[in-house]
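Worksheet: one structure, shown below.
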There are 4 protein chains.
Amino acid sequence: MPRTAEQFEQLKGERRQALLGVARRVFARKGLAAAKIGEIAAEMGISYGLVYHYFPHKESLFAAAIEDALQAWEAFFADVQRTPGTPWERLETVCTRMIQSVQESPETLLLVVRALTEDEAPRAVRDALARYKRHCHEQIAGLIAEGQRTGDVAPGAPLDIARALMALVQGLAISRAMDEHAPPLPLEVLLRLVKAGTPPAAETRRRAPASPSRLART
Amino acid sequence: MPRTAEQFEQLKGERRQALLGVARRVFARKGLAAAKIGEIAAEMGISYGLVYHYFPHKESLFAAAIEDALQAWEAFFADVQRTPGTPWERLETVCTRMIQSVQESPETLLLVVRALTEDEAPRAVRDALARYKRHCHEQIAGLIAEGQRTGDVAPGAPLDIARALMALVQGLAISRAMDEHAPPLPLEVLLRLVKAGTPPAAETRRRAPASPSRLART
Amino acid sequence: MPRTAEQFEQLKGERRQALLGVARRVFARKGLAAAKIGEIAAEMGISYGLVYHYFPHKESLFAAAIEDALQAWEAFFADVQRTPGTPWERLETVCTRMIQSVQESPETLLLVVRALTEDEAPRAVRDALARYKRHCHEQIAGLIAEGQRTGDVAPGAPLDIARALMALVQGLAISRAMDEHAPPLPLEVLLRLVKAGTPPAAETRRRAPASPSRLART
Amino acid sequence: MPRTAEQFEQLKGERRQALLGVARRVFARKGLAAAKIGEIAAEMGISYGLVYHYFPHKESLFAAAIEDALQAWEAFFADVQRTPGTPWERLETVCTRMIQSVQESPETLLLVVRALTEDEAPRAVRDALARYKRHCHEQIAGLIAEGQRTGDVAPGAPLDIARALMALVQGLAISRAMDEHAPPLPLEVLLRLVKAGTPPAAETRRRAPASPSRLART
DNA sequence: TATGAATGAGCATTCATTCAT
DNA sequence: CATGAATGAATGCTCATTCAT
């Protein structure tokens, strides 16, 4: 019996997580107002009534999905922070994975965008977003500041650069929302926001752009 | 009374424009689904019924507001194109005014974002958006290509850089939506995406980004 | 000036009549609830506001159109009454012109049907209808009674036969409403309801069971 | 719990049928446009929202109610067809039951009238009506043709006589709509449309019919 | 008169949420 | 736990009616 109870608990937890995943996708696609509980339930393969066993109402499900998405980002930064390597390397990692994220799971970013643009977001969501924003900005700004000290990153207010990075990434997610065949942004382009214009020691190493450049893609 | 008739026509046109303006604001703030016709009407100071004298239904008002916003952008680029000056100067103008736009009338950009993320956008809107996107990208990419020829702009696929610029600007508009006291992004930061570094930019150390992203959770 | 005023009056009267004609058509086609003032106005070539110069509201226009249609019928019967000839000849005339009416101006009959089936008809309409019904029935029943005396009309309660005639005609009008290419009902068929089965002097008239038999009921 | 599931299904079906019954009544009384969903729901004792669990919108409920009513008529004719007896007996049955129907459930006929006079009927309804009309006419005309062969039915295009019968019955239903105390039409009167006069029908006085008569139009 | 802008009651329809089974 | 019938608040939209011009 305790085993069964445990399993129940676990099952419930898994269900909840799955539900969050589906909700994330649906909310990202439609937004809070246009998303229908029934749609989420259908996409989960459960009855819409069952959704209310896990979340008291739509807003709470939305909020939970947001928190989930935000935690993923925070975990990501924590992960990067733990990673060894020079600040520049870690910045590259961050940028690389941001682009990857835009390509592979734009819903997460899109959901964050939905939350940010939600006019009637409950306080909890609002706070979580503010925390998330501050956290992301601080993490990136920290790397940038370090990078500036090592000379790998161009000068400028680190926070501004961090804001620009995040904005750019969110903007890319929106583009993907409209056109899911949009090619990824070359890493170099993103790195331009941070990379120092000239090598710290000033030599002449590289010129050719390393990415497949598509000069005309109409 | 042709004069009166004319005035009527004009008055009607003005009313329609005013309505579009209000609609743009409300739709930008709430999105298509959450915006209520009654709210728009109230913000206009008219009865909700009157809205239907100008637009047959909410979607068409939304579409018209979008169209309006997009035309503003296209007009802006046409304007820049006509402006004399070096490519670089014109790029600076574009960037400056984009930042300005984010600060002063983020609703326009936000409305575009709403349209881009609208899952059920009618074909007309979808087409207008595609046209707008192509147009903006081409304009900016054109300037960038010219700038690259004069050596003012860093190498890289012009279209990619243009995409990055637009994405960044849209991302900034979203930030503004959440926090209207957010300071403007310094022009220099935005210009980093385009400006040529010191002569032939250098690179060292680059390794392949290693860690598997946990952000992508399918 | 008095001439002008008179003309105005006359013009107004003509307009009113024309309006009634259009209203009759539209109400016949759509019914009271589904007919739109704007539609009637448009079909008249005037603005919908002007309709309210002639009739205070839709119901009154409907009522007036009904009265108009009913008067046409009553005038028709008065006309027949004045006509010289045997009762049978006048019955033929009545039937002929009823069929003609179904073919040429089914709207009038259809409008009457609309009025009869109108659940929320104002008292005035209801009264007019009752009067019309009584009047028509009496006129026809009178002719039938006379015809029975001359032996041209088959026996049977004259009022019942009159009801049947009117019902048949209204039913035909409905058929026309659905299919405007429906051919006219041959006069002979309609006359069967009235015509005596055998010459007045003949014998051996009837054999078949005259009583209502209910052979099978599911 | 297959039993429960079955019962659910059955209950749902019953509810749907009951709703159709109520809808038939209300639509017959008010017509499509004037009938309010709330009214139907109230008359059912359910909330208006629940109506939409059974039918997606008012039109479909209307259509279903029509379909239902028409099927009742078609079933009736099929039933008569299966009944043994001479053509004349079956004709009597048909007429008897038509009169009965007018007295006992005029809503069914009235609903058909509503459908026939509905200007904006959806194609499905229009088709069903056309089918119904053809079916009824053919059935009756068939009996009439047989009856003519046995000499019980007067000569004349069977289809015309069938049309007259149906029209008469529909007209009676309309009368009932206005006055529910109207006495039933005596069967003899209705039968006059069909019954043969004296043997090979004698005629005197008859002048040429003034209207273009098409005696045979099958 | 004539017009059509303006208003708002009224109604169809949707969908979050509850709850009996 | 699961289901989906049931409810009703909320909102889009229509259209009769009024009224300034």
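Chain letters run A, B, ... following the sequence lines, proteins first and then strands; every chain starts at 1.
Listed by chain and number, the residues in a side chain to side chain contact (heavy atoms under 4.5 Å, CB included) with A34(B) are A33(A), K30(B) (sequence neighbours excluded). Contacts of R25(B) classified as side-chain hydrogen bond (donor to acceptor under 3.5 Å, both in side chains), with partners at least two apart in sequence or in another chain: E43(B). Residues satisfying the side chain to side chain contact (heavy atoms under 4.5 Å, CB included) criterion with Q17(C), sequence neighbours excluded, are L20(C), D68(C). Judged as a salt bridge (charged side-chain N to carboxylate O under 4.0 Å, His left out), and not counting sequence neighbours, the contacts of E67(A) are R131(A). Legend: residues meeting side chain to side chain contact (heavy atoms under 4.5 Å, CB included) with Q71(A), ordered by chain and number and at least two apart, are absent. Shown here are the side-chain hydrogen bond (donor to acceptor under 3.5 Å, both in side chains) partners of E39(D), two or more places apart in sequence or in another chain: R29(D). For A121(D), the side chain to side chain contact (heavy atoms under 4.5 Å, CB included) partners at least two apart in sequence or on another chain are E118(D), V125(D), R126(D).
Less than 4.0 Å separates DNA chain F from at least one heavy atom of each of the following residues of residues 13-43 of chain D: R15(D). Of the residues in residues 51-60 of chain D, those lying under 4.0 Å from DNA chain F by heavy-atom distance are H53(D), Y54(D).
Counting only residues at least two apart or in different chains, salt bridge (Lys or Arg N to Asp or Glu O under 4.0 Å) contacts with residues 46-56 of chain A are absent. Applying the ring-ring contact (aromatic ring centres under 6.0 Å, His included) definition to pairs two or more places apart or across chains, those involving residues 36-69 of chain A are F27(A)-F62(A).
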Check the pair V112(B) / I66(B) against side chain to side chain contact (heavy atoms under 4.5 Å, CB included), numbers first and verdict last.
CA-CA 7 Å; V112(B) 173; I66(B) 302 287; 5.9 Å; no
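In the set dA2(F), dT3(E), dT7(F), dT3(E) carries the atom at the smallest distance from any side-chain atom of L50(C).
If you take CG of L61(C) and C1' of dC15(F), they are 15 Å apart, rounded to a whole angstrom. In this entry the distance linking OH of Y48(D) with P of dA9(F) reads 6 Å, nearest Å.
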Let me have DNA chain E in dot-bracket notation, would you? Count Watson-Crick plus G-U wobble pairs, both distances under 3.5 Å, and use [ ] for pairs crossing earlier ones and | for inter-strand partners.
.||||||||||||||||||||
